[in-house]
Amino acid sequence: MRSLQKPVVTLYEQACSAAYNIACHGQRVYATTAFDFVGCIGTMTSFYDFKQYYESLGIKLIEAKATKSDLKNKVFDNLKDGKPKQYIEEVLDPLNDSFLSTVRSQRKRLAGLDDDAPVLRGETFFTKAALEIGLADGQSTLLDVAMEASDLGRKWSDVNKQKNSIYSAI
């Protein structure tokens, strides 16, 4: 998304977590109503461990690892066994750092915030607060956003045609 040259306008109803990781690439980001959630900028994982349930049905997991594969899936096994430290440090934290870097690079008002700002720690906001913080640029309708995107696209196209004419003349 970051490498796109054409203008992008984003319209959301709910843009939380991974959805905001995509939405933030818009040059303009709009909510559809006053009560749209946005934010939840953070990284997590969750899953269910059905092992005991399957064992109660008589289904037993059999697993074997090669002698030299003692670290195979260890980080995930530790997580499952209630020891999440390595998974957090080696998987979630780097993913979160990348997410925060993307958001800060795309939403200039968030770039200078301290790391402990609630918006960068997973807090979620309705539209009014999102506008104040800089997560969104306004509230709009699909029709208005489509017209704005069309106008921006036309201007972008005109500028590129002029550039190409100049370059071909040189």
Side-chain angles (χ1 to χ4, degrees), residues 1-49 71 73-160 162-163:
M1 294 287 296
R2 193 177 327 202
S3 66
L4 292 175
Q5 294 180 5
K6 292 181 181 179
V8 174
V9 181
T10 304
L11 179 68
Y12 69 85
E13 290 181 2
Q14 309 290 324
C16 294
S17 201
Y20 193 75
N21 200 4
I22 296 168
C24 74
H25 288 86
Q27 282 76 28
R28 299 196 182 120
V29 177
Y30 296 109
T32 57
T33 75
F35 298 103
D36 290 334
F37 272 124
V38 66
C40 205
I41 298 166
T43 307
M44 63 171 280
T45 190
S46 62
F47 60 90
Y48 294 101
D49 182 354
L71 298 178
N73 294 326
K74 186 170 178 24
V75 68
F76 300 103
D77 291 340
N78 286 344
L79 175 63
K80 186 178 62 179
D81 292 338
K83 297 179 266 183
K85 185 176 188 235
Q86 182 183 8
Y87 185 84
I88 291 169
E89 292 174 352
E90 295 178 10
V91 178
L92 294 180
D93 286 348
L95 288 170
N96 197 61
D97 290 344
S98 175
F99 188 4
L100 291 174
S101 175
T102 295
V103 170
R104 285 176 182 234
S105 72
Q106 299 303 308
R107 303 300 297 170
K108 300 303 178 201
R109 289 184 47 204
L110 302 179
L113 293 179
D114 291 334
D115 289 341
D116 65 346
V119 67
L120 301 174
R121 294 177 33 231
E123 186 64 73
T124 306
F125 305 90
F126 280 135
T127 301
K128 182 179 177 189
L131 293 170
E132 292 168 3
I133 294 165
L135 288 168
D137 300 310
Q139 182 180 323
S140 193
T141 65
L142 177 58
L143 180 59
D144 288 340
V145 167
M147 289 179 5
E148 182 175 352
S150 176
D151 289 343
L152 288 171
R154 194 174 303 107
K155 288 175 187 173
W156 178 86
S157 180
D158 291 345
V159 166
N160 277 304
Q162 289 175 350
K163 284 181 184 177

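Because the structure is predicted, anything quoted here is derived from the model rather than measured.
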Kindly list each side-chain donor-acceptor pair under 3.5 angstrom involving residues 115-129, sequence neighbours excluded, with atom names and distances?
unit_1, atom_1, unit_2, atom_2, d
Asp115, OD1, Arg104, NH2, 2.9
Arg121, NH1, Asp116, O, 2.9
Thr127, OG1, Thr33, O, 2.6

Only counting residues at least two apart or in another chain, list the ones meeting side-chain contact (heavy atoms from CB on, under 4.5 Å) with [X].
X	answer
Ser105	Arg2
Leu95	Thr43, Val91
Met44	Ser46
Lys155	none

Side chains of residues 79-86: which donor-acceptor partners sit under 3.5 Å, not counting sequence neighbours?
unit_1, atom_1, unit_2, atom_2, d
Gln86, NE2, Glu90, OE1, 3.1
Gln86, NE2, Glu90, OE2, 3.3

Quick one: salt bridge (Lys or Arg N to Asp or Glu O under 4.0 Å) partners of Asp36, sequence neighbours excluded?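 Salt bridge (Lys or Arg N to Asp or Glu O under 4.0 Å) check on Asp36 returns nothing, list empty.
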Go through the structure and list residues passing salt bridge (Lys or Arg N to Asp or Glu O under 4.0 Å) with Asp151, not counting sequence neighbours. Arg154
Taking only residues two or more places apart in sequence or in another chain, which ones pass side-chain hydrogen bond (donor to acceptor under 3.5 Å, both in side chains) with [X]?
X	result
Asp77	Lys65
Ser98	none
Asp97	none

Hey, does [Y] have a side-chain heavy atom less than 4.5 Å from the side chain of [X]?
X	Y	answer
Leu142	Thr32	no
Gln5	Asn160	no
Thr102	His25	yes

Minimum heavy-atom separation for Tyr30 to Glu148, with atom names?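 Shortest heavy-atom separation between Tyr30 and Glu148 comes out as OH-OE1, 2.8 Å.
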Tell me whether Asp137 contacts the main-chain N or O of Val29 through its side chain, where contact means a donor paired with an acceptor under 3.5 Å. yes
Taking side-chain hydrogen bond (donor to acceptor under 3.5 Å, both in side chains) as the cut-off, I'd like each qualifying pair that reaches into residues 8-19, sequence neighbours left out, listed once.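 Matches after skipping sequence neighbours: none remain.
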